[in-house]
Novice: 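I have a structure I would like to understand better, so I am pasting it below and will then ask my questions one at a time.
Quick note: residue numbers are just sequence positions, from 1. None of the values given here were measured: they were computed from a predicted structure.
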Amino acid sequence: MKAGRLIDSFLEFEKKYKMFGIKINGIHIWHYMRVPVYTDLLNMFEGIEVLAGSGTYTGNASCDDNSLKESLRKKFMCNQFLAHKRDILIFPHRRKYKDEGSYYRCIFTDGIDRTLTQSHYILDRRSVEGVYAEQKSKNILYYDLDAFINAQKLNFPLETIKKVEIDQKIVKPIETYFGVNVGMEARKKWQKMLENYLNKRKYLICYYNYMLKKIRPQLILLVVSYSLEMMVLCETARRKNIPVVELQHGLIGNRTPAYQFYKKMTLPGFPDYIFTFGHFDKEKGRFPIGNERIIPVGYPELEKNYHLCQKQNKKRDKKTILFISQGLPAIAQFANSVAHRLDREKYQVVFQLHPKEYFCWKETIGKYIEDSGIRVTGSYDHTIYESLADADWVVGNYSTVLYEALMFDVKIAILKIALYENMDDLYNNGCALLVDSPEQLIAEIETDTFTINKNMRVFEMNSLHNIQTNIDRIMEKEMLKK
């Protein structure tokens, strides 16, 4: 079953079996589970393992957790227990990228932090590298659930879930509707995942109640609402009548399960508003909240790099072909084939890793791209936009980067593999080429006759102004309700 048909069938399945009404251990659990379950179904039907989450770190930390400087930051400057009243509370992405100096920053919230007129905190979790990334902002608090649990001496009884409940309420409906056999490995995985969720949820509720009582924000901004931590945050904030706004961080499209629902509904774990990159994503999502709460604002980081790119001179000896990885070996194999056939005196092939591959790519796809003349790039020391600024062609499968590339002076090619249909708006509107072989791509690169349609508008401009204006409006509207 193709991804486009699977998402529609998935929504029909949720409706038919009333999945959002299912309770296990007294908790409505389906919203917590639906994205991982959908991802597993995609793997069952298509054999596609989608990169999800923020990655696992196995290398050197970005800053020394035990250094004197970091100890002082933890104890005084960034101590969550010393927080006081602020107007807005921001939860950034766990991925942090190095700025021009030696500091790290969240590319989705950095510009907002610097320009926001309201007082605010950034409650920052450990980065994907397992540490608190050192940042320039003076508004940082370290999110430390373990320290809170220890300080409060919390110790809830461990919850378990009966296998028969998972089988009857989750597995059997899926097998019946989709005509598949859910193996024992998936069953155990879902049971363990849900047990972890339900046990951690109790501690998260206590933590968020404590922090929200101390800070008393009028509004919360967050990135990636569909992690357990952020869904529980949304639930807790809703009980306190604090509006939650999600900042879009990646392509929503019409096949991303986190933003596709079969009807409007009240979901305690879903944000009250979403600030999208533009009208394109607003129109593509099937959101559970009203359309007036989906607000196109733009993307500050992309806009900043767009303006920087306009000032650059791209003249150089070789043309650059930039491949965007999504963890799929087929992309690496395709890049290898192209690199071996292009004239290296005229072209260079660059392979941009997905953040989840930064520390493991040699084990997973290294055999396809090492010793091939391909330059591999990807680390938290620089962003994807530097690579886009240097490229002549951008080649990928279903990455958000392919839409972001519209803002740069590049030509875009989409590989006809895996989830390529997620990009159908690009190749159907002349914004990208759809290619199914290395030979076709090489011919297009060498003849260089493709003219990209630049009229498709995905990202709003004046994003920081739009964000501030809409934050002001939401806060004023919510104040009137009280």
Novice: Between the side chain of Lys411 and the main-chain N/O of Ala432, is any donor-acceptor distance below 3.5 Å?
Specialist: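 No; judged by distance alone, with no hydrogens or angles, the pair does not exist.
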Novice: Going by atom types only, do Glu357 and Thr364 share a side-chain donor-acceptor pair under 3.5 Å?
Specialist: no
Novice: Indicate whether any N or O donor in one side chain lies under 3.5 Å from an N or O acceptor in the other, for Asn199 and Glu159.
Specialist: no
Novice: For the residue pair Ile252 and Gly285, what are the closest heavy atoms and their distance?
Specialist: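 Residues Ile252 and Gly285, closest heavy atoms: CG2-CA, 4.0 Å.
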Novice: So is Arg34 actually on top of Phe261's ring, under 6.0 Å and inside 45° of the axis?
Specialist: yes
Novice: Can you confirm if the aromatic rings of Tyr358 and Tyr380 lie within a centre distance of less than 6.0 Å?
Specialist: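 Ring-ring flag for Tyr380/Tyr358: true, centres closer than 6.0 Å.
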Novice: Mark yes when over 12 heavy atoms from residues, nucleotides or ligands other than His465 sit less than 6.0 Å from its NE2; otherwise mark no.
Specialist: no
Novice: Can you tell whether the side chains of Arg105 and Glu301 come within less than 4.0 Å, N to carboxylate O?
Specialist: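 Glu301 and Arg105: salt-bridged.
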Novice: Are any of the side-chain nitrogens in Asp8 or Arg286 under 4.0 Å away from the carboxylate oxygens of its partner?
Specialist: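 Judged by the 4.0 Å cut-off on N to carboxylate O distance, Asp8 and Arg286 do form a salt bridge.
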Novice: Is there a donor-acceptor pair under 3.5 Å between the side chain of Asp87 and the backbone N or O of His120?
Specialist: no
Novice: With a 6.0 Å cut-off on the ring centroids, do Tyr306 and Phe408 count as close?
Specialist: no
Novice: Establish, yes or no, whether a centroid distance under 6.0 Å links the rings of Tyr143 and Tyr132.
Specialist: no
Novice: Any side-chain donor-acceptor pair under 3.5 Å between Asn209 and Lys214?
Specialist: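 There is no such pair between these side chains.
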Novice: Testing the basics here: between Gln352 and Ser387, what is the closest heavy-atom pair and its distance to 0.1 Å?
Specialist: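 Shortest heavy-atom contact: OE1-OG, 2.7 Å.
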Novice: Taking all heavy atoms of Glu303 and all of Ser463, pick out the closest pair and write down the distance.
Specialist: OE1-OG, 2.6 Å
Novice: Between Lys96 (side chain only) and Cys106 (backbone N and O only), is there a donor and an acceptor less than 3.5 Å apart?
Specialist: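 Answer holds: no.
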Novice: Please report the interatomic distance NZ(Lys362) to CD1(Ile369), rounded to the nearest 0.5 Å.
Specialist: 10.0 Å
Novice: Aromatic rings Phe459 and Tyr299: how do their planes relate, parallel, tilted or perpendicular, breaks at 30° and 60°?
Specialist: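 Phe459 vs Tyr299 ring planes: tilted.
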Novice: Angle between ring planes, Tyr210 versus Phe148, binned at 30° and 60°: parallel, tilted or perpendicular?
Specialist: tilted
Novice: Is there a donor-acceptor contact under 3.5 Å linking the side chains of Gln118 and Gln218?
Specialist: no
Novice: Between Arg238 and Asp272, does any side-chain N to carboxylate O distance fall below 4.0 Å?
Specialist: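 Yes, Arg238 and Asp272 are salt-bridged.
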Novice: For the residue pair Tyr262 and Leu11, what are the closest heavy atoms and their distance?
Specialist: CD2-O, 3.7 Å
Novice: Would a distance-only check, ignoring hydrogens and angles, find a side-chain to backbone donor-acceptor pair under 3.5 Å from Lys454 to Met407?
Specialist: no
Novice: Looking only at atom types and distance, does a side-chain atom of Tyr203 sit under 3.5 Å from a main-chain N or O of Phe156, one as donor and one as acceptor?
Specialist: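 Such a contact is found between Tyr203 side chain and Phe156 backbone.
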Novice: Could you tell me whether a side-chain N or O of Lys264 sits under 3.5 Å from a main-chain N or O of Phe287, the two making a donor and an acceptor?
Specialist: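 At least one qualifying donor-acceptor pair exists.
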Novice: What are the two closest heavy atoms between Ile220 and Ala237, and how far apart are they?
Specialist: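 Closest approach of Ile220 to Ala237, heavy atoms only: CD1-CB, 3.8 Å.
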Novice: What is the distance from atom CD1 of Ile22 to atom NE2 of His28, rounded to the nearest 0.5 Å?
Specialist: 9.5 Å
Novice: Show the numbers, then the answer: is there a side chain to side chain contact (heavy atoms under 4.5 Å, CB included) between Ile27 and Tyr32?
Specialist: CA-CA 10 Å; Ile27 304 296; Tyr32 298 142; 4.1 Å; yes
Novice: Which class fits the ring pair His249 and His93: parallel under 30°, tilted 30 to 60°, perpendicular over 60°?
Specialist: tilted
Novice: Can you tell me if Asn422 uses its side chain to pair, donor with acceptor, with the backbone of Tyr398 under 3.5 Å?
Specialist: no
Novice: Could you give the distance from CG (Leu426) to CG (Leu433), rounded to the nearest 0.5 Å?
Specialist: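 Answer rounded to 0.5 Å: 11.0 Å.
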Novice: Provide the closest heavy-atom pair for Ile452 versus Cys431 in the form atom of the first, atom of the second, distance.
Specialist: CD1-O, 2.9 Å
Novice: Applying side-chain hydrogen bond (donor to acceptor under 3.5 Å, both in side chains), run through Gln248 and Asp281 and close with a yes or a no.
Specialist: CA-CA 9 Å; Gln248 183 180 346; Asp281 283 294; 3.0 Å; yes
Novice: Side chain of Ser227, backbone of Met230: donor and acceptor closer than 3.5 Å?
Specialist: yes
Novice: For Ala258, does its backbone N or O pair with a side-chain atom of Thr256 as donor and acceptor, under 3.5 Å?
Specialist: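 Side chain of Thr256 to backbone of Ala258: no pair is present.
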Novice: List the steps and the verdict of side-chain hydrogen bond (donor to acceptor under 3.5 Å, both in side chains) for Thr117 and Gln468.
Specialist: CA-CA 8 Å; Thr117 59; Gln468 181 68 67; 3.1 Å; yes
Novice: Distance-only, no hydrogens or angles: does the Asn453 side chain make a donor-acceptor pair with backbone N or O of Asn429 under 3.5 Å?
Specialist: yes
Novice: Could you walk me through whether Arg255 and Asp424 pass the side chain to side chain contact (heavy atoms under 4.5 Å, CB included) check?
Specialist: CA-CA 11 Å; Arg255 299 183 179 96; Asp424 56 1; 3.5 Å; yes
Novice: Should the pair Tyr259 and Tyr226 be assigned to parallel (<30°), tilted (30 to 60°) or perpendicular (>60°) ring geometry?
Specialist: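 Aromatic pair Tyr259/Tyr226 classed perpendicular.
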Novice: Enter the distance from Leu419:CG to Leu328:CG here, rounded to the nearest 0.5 Å.
Specialist: 7.0 Å
